[in-house]
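In what follows, a single structure is set out as structure tokens and then discussed.
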Amino acid sequence: MKIAFLGTPEFALPSLDMLERSGHALGVFTQPDRPVGRHAVLTPPPTKVYAEAHGIPVFQFEKIRLPEGVQALRAFAPDLMVTAAFGQILSAENLAIPQYGCINVHGSLLPKYRGAAPIQWAVINGETETGITTMLTDVGMDTGDILLVDRVAIGENETAGELFERLSVLGAETLRRTIAALEAGTLVRTPQNESQATKCPMLKKEHGKIDFTKTTREVHNLVRGTNPWPGACALLEGEPLKVHITRLSTLDFGSAPFGTLKGDAKTGLFVRCNDGWLEIVELQASGAKRMNAKDFLKGHPLVGKLLA
RNA sequence: CGCGGGGUAGAGCAGUUGGUAGCUCGUCGGGCUCAUAACCCGGAGGUCAUUGGUUCAAGUCCAAUCCCCGCAA
């Protein structure tokens, strides 16, 4: 089958790799190269790097729904489109091009967590289960008919980054089965239950701001869900402090204002939240590299100070 | 050349107007103790990122270079 693969970041790579190994004729449509990092180095998206290494043609458009993109897609003449974390909205015109339509690989159990950052929000909200849904893309935001679903449990300490990696691998498998069913003519379409639908917003920097009036579990979930990006952060004496890893703890340092720090270089660093004390395992001060909280304590007397 | 912080003992940090290199933790040895991750005493461990310059004297002042990181995009 001739497939137009629309995907951008690492999440899309296992799916792309699966399609390549399955011998489909591929074309990769992805976002333009973007400036990355402190020195704004123009960096190609991972799917482009993969495609070039495997001799797959690459097409990059700012907006594929604009005439230029539509024209290129039509010229490529795919039988099927596949999207995985593409990051652009497709138009009806785009979707009408391939005869089999467009299959999207989505990192949630639809109709829950429609939108841009389903994996992170599932962790932030403390979900214990998520998964991969393949769906037939329509013009709405993740509203198309459901094809196949695979479920996975979310670990108590699992970070969004770790879950991302697991789901990207699972996504390739779910996609493989979906296409196999399509080719066998056994694919079943199930409309989404609109009454169960939830939407999650794109994750922004400010979503990482920790609120210590919340419970230890809620803060822990935020730290996990924003790791590795954008990272959870708080203010220590006016300076930003990133909190990379936390652990739920049963240690009790008594009552104290929310955000109060306790502990030492041996037992670890703990911060007061609404219902108890959360251990901060790994952190990063402004200008410093990330380190163990215990190491940080050796050179920074923090006990009694306040995080805000 | 977007703004900014930083490279000092194994780890995390301090080091004031240039004048013998310090703290906490770890480590090693000894002591105390029923015992200990606790406490006491002692020891080892540094080309102060690199190169050049100023000076009687540079971790400290000047210049250049390399590396790490935060913010902004």
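These numbers come from a predicted model, not from an experiment. What you see below is based on every heavy atom in this structure, not just the backbone, and it leaves out hydrogens, waters and symmetry mates. Chain letters run A, B, ... following the sequence lines, proteins first, then strands; residues in each count from 1.
Nearest to the side-chain atoms of A/Ser286 among the listed nucleotides B/G70, B/G26, B/G12 stands B/G70. When the nucleotides B/G70, B/C25, B/C71 are ranked by their closest atom to the side chain of A/Lys205, B/C71 comes out on top. The A/Met291 side chain lies nearest to B/G12 when the options are B/C71, B/G12, B/C25. Closest to the side chain of A/Lys298, from the set B/G10, B/C3, B/A37, is B/G10.
Atom name C1', nucleotides B/U20 and B/G46: the rounded distance is 14 Å, in whole Å. For the P atoms, the distance from B/A57 to B/C71 is 44 Å, rounded to whole Å. Using atom C1' as the reference point in both B/G15 and B/U24, the two lie 15 Å apart (nearest Å). Nucleotides B/U60 and B/G19 place their C1' atoms 11 Å apart, quoted to the nearest Å. Between B/U47 and B/U51, the distance separating the two C1' atoms is 13 Å to the nearest Å. Spacing between B/G59 and B/G18 at atom P, rounded to whole Å, works out to 13 Å. Between B/U27 and B/G7, the distance separating the two P atoms is 26 Å to the nearest Å.
In this structure, the CZ atom of A/Arg38 is 6 Å from the P atom of B/C69, given to the nearest Å. Atom CG of A/Asp295 and atom C1' of B/C25 are 9 Å apart (whole Å). With rounding to whole Å, A/Leu283 atom CG is found 13 Å from B/G70 atom P.
Nucleotide B/U54 has no partner under the Watson-Crick or G-U criteria, as no pair reaches both atom distances under 3.5 Å. In this structure B/C71 sits in a base pair with B/G2, meeting the Watson-Crick or G-U test at under 3.5 Å. In this structure, B/U65 and B/A49 make a Watson-Crick or G-U wobble pair, each of the two defining distances being under 3.5 angstrom. Across all strands shown, B/U60 has no partner, as no Watson-Crick or G-U wobble contact with both distances under 3.5 Å is found.
A/Thr246 and A/His220 form a side-chain donor-acceptor contact under 3.5 Å, judged by distance and modelled atom types alone.
Across residues 299-308 of chain A, A/Gly299, A/His300 each have a non-hydrogen atom less than 4.0 Å from an atom of RNA chain B (numbered order).
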